[in-house]
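Since the structure comes first, as structure tokens, the remarks are kept for the end.
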Amino acid sequence: MIDIQLIRDNSAEVIRRYEVRNFDATGPVNRIKELDATRRQTQKQLDDTLAEGNAIAREIGQLFKTGRSSEAAALKEQSLLLKQRAKDLQEQLDMAAKELSETMTGLPMLPHHSVPPGTTEADNEIVHTEGDLPGLFNNAVPHWELAGKYDIIDFEAGTKVTGSGFPIYKGKGARLQRALISFFLDEAAQAGYTEYQPPLLVNADSAFGTGQLPDKDGQMYHVPSDNLYLIPTSEVPVTNIFRDMILNEKDLPVKCTAHSVCFRREAGSYGKDVRGLNRLHQFDKVEIVQVTHPEKSYQALDEMVNYVTTLLQKLELPFRVARLCGGDLGFAAALTYDMEVYSAAQKRWLEVSSISNFETYQAQRMKLRFRSQDGKNLLAHTLNGSALALPRIMAALLENNQSEEGISIPAALQKYTGFAIIS
RNA sequence: GGAGAGAUGGCAGAGUGGUCGAUUGCGGCGGUCUUGAAAACCGUUGAGGUGUAACAGCCUCCGGGGGUUCGAAUCCCUCUCUCUCCGCCA
């Protein structure tokens, strides 16, 4: 949710900035201005009515105290009239406030100035590429074949036990998965992130706070008997730890990391996107989350991109960094960098991390504030990124490191796996 | 799942229909004292909205929602959550 003050101050500028998302905000913005004015005006009338009622009630109290209760009848009648008027005004106010809130939450985050124009991922701006692009991988076998060859991931068993998109890792495959989780968590701890183990189910308030509800309702698994949602990412429980909080400025930035299993319904996905490990209903991910001072959030975003870069370097995977264009930018994000690794057999880039600055979008929804040095309560900025999502890292490791002898494990991981090769 | 108790400001804990946004203690902040610190003493200290040049003023909020009343933190209904006991159980 954007700050309504921006619309009050300069609505034309707001509309202009939305253009990079290919979004015409004229209608909603003008409606918001109307509703905002109505709301304030009605609020004033209501307050005055209530003030008058309070004065009369006090007066009646005095009459009772001094034993002149018989004189209160006229005042009581007047009070009842005011009460009815207040009720009507309250209804008007509620209607305006409700529509205002709905219209506000219907607006995506204002894009950062650096967001490039464009409509699809083809328009994303590649800001960095690193590592040897493996031309030598002409005979590379895709990971779903390697998985069977070395008996490390059983897709069929997963389909039988649950359904498609729920693979079962086995033997060295399971061990490699566990190694990656430990590696990522240890690295994050070293970079100053505090480790959390959050719940995998969240309530509706939390899902609203980070922006999954109401818009991405269908992407989450829902448990109706308890009205809880399986988390699509640990961003949801971790960021919501700070919901309805006023932090001290000196406690910023807050840096958290968490491993969790993630659940996504992925309704509407098909084809090569869902082959093998490319897109799953259940997968593991280590996430990093920051809550920062508004003036330092872009510095934090750069720091997070740099941090994920070091992970990919240690895993010796070729990768590139893309700044998402307006059309590809998520609803809640002001600026997002995608990190993509090259997958030798599929010969394409796989997104393994998405690092976003939400500015006040989530903070506004969850009332996450901090007390500044001059005593004001201001909205904080929230950011998060994958560091990293496991399945596609696994896919790239398998495909890129294959040889006649087997699949070699990057040096940085060997102390976690306890083996150097899968053969 | 069954029975009972409870939910008040950062925390602890009063308040049971009429200036109660709420006594008090702790904590926090500012000050006096001190070379400095501690102790002591004095003052200050919730959030949101509206309003103002800035103050002031006004409104709302005592877990959520609804009701009774001229007037509710206080009475009634309902939901949620927490605690204790029993049952079940990794």
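So you know, we letter chains A, B, ... as the sequences are listed, proteins then strands, and number each from 1.
Nearest-nucleotide positions on RNA chain B place A:Ala51 closer to the 5' end than the other of A:Glu77 and A:Ala51. Summary of the strand contacts: A:Leu46 and A:Arg39 both lie near RNA chain B, and taking for each the nucleotide with the nearest heavy atom, the more 5' one is attributed to A:Arg39.
B:rC79 and B:rA56 have their P atoms separated by 43 Å, given to the nearest Å. The gap from the P atom of B:rA7 to that of B:rA90 amounts to 35 Å, rounded to the nearest Å. Annotation: B:rG18 and B:rC11 have their C1' atoms spaced 31 Å apart (nearest Å). Remark: the separation of the P atoms in B:rG63 and B:rU16 is 16 Å, to the nearest Å. B:rU82 and B:rG64 are spaced 15 Å apart, taking the C1' atom of each and rounding to whole Å. B:rA73 and B:rG87 have their C1' atoms separated by 37 Å, given to the nearest Å. B:rU68 sits 15 Å from B:rU74 when the P atoms are compared, rounded to a whole Å. Spacing between B:rA14 and B:rU23 at atom C1', rounded to whole Å, works out to 6 Å.
Of the N and O atoms on the side chains of A:Gln212 and A:Thr210, at least one donor lies less than 3.5 Å from an acceptor on the other residue.
Base pairing of B:rC55: no nucleotide in any strand meets the Watson-Crick or G-U wobble criterion (both distances under 3.5 Å). The partner of B:rU44, taking Watson-Crick or G-U wobble pairs whose two distances both stay under 3.5 Å, is B:rG28. Pairing for B:rU84 goes to B:rA3, judged as Watson-Crick or G-U wobble with the two contacts each under 3.5 Å. With both pairing distances under 3.5 Å, B:rU23 is matched to nothing as a Watson-Crick or G-U wobble pair. Of the nucleotides present, none pairs with B:rG17 by Watson-Crick or G-U wobble criteria with both distances under 3.5 Å.
A:Leu82 comes within contact range of no nucleotide atom at all, as no heavy-atom separation falls under 4.0 Å. At a threshold of 4.0 angstrom between heavy atoms, the contacts of A:Leu50 are confined to the sugar-phosphate backbone, with no base atom among them. As judged by a 4.0 angstrom heavy-atom cut-off over every strand, A:Asn54 is placed among residues touching the sugar-phosphate backbone only.
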Worksheet item: Taking it one step at a time, do A:Gln290 and A:Tyr193 satisfy side chain to side chain donor-acceptor pair (under 3.5 Å)?
Response: CA-CA 9 Å; A:Gln290 287 206 35; A:Tyr193 293 87; 3.1 Å; yes
Practice prompt. Starting from the C-alpha separation in whole Å, work towards a yes-or-no answer on side chain to side chain donor-acceptor pair (under 3.5 Å) for A:Asp47 and A:Gln43.
Written response: CA-CA 6 Å; A:Asp47 285 356; A:Gln43 174 90 63; 3.3 Å; yes
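Annotation: A:Tyr298 is not in aromatic contact with A:His381 [ring centroid separation under 6.0 Å not met]. Taking the six-membered ring where the residue is Trp, the centroids of A:Phe184 and A:His259 are separated by 6.0 Å or more.
Extent of RNA chain B lying under 4.0 Å from chain A heavy atoms, first and last nucleotide in 5' to 3' order, is B:rG18 to B:rG71.
Atom CZ of A:Arg85 sits in a sparse spot, with 12 or fewer heavy atoms from other residues, nucleotides or ligands closer than 6.0 Å.
Looking at residues two or more places apart in sequence or on another chain, you find no ring pair (Phe, Tyr, Trp, His ring centres under 6.0 Å) involving A:Tyr337.
In this structure, A:Arg392 contributes its side chain and A:Arg279 its backbone to no donor-acceptor pair below 3.5 Å.
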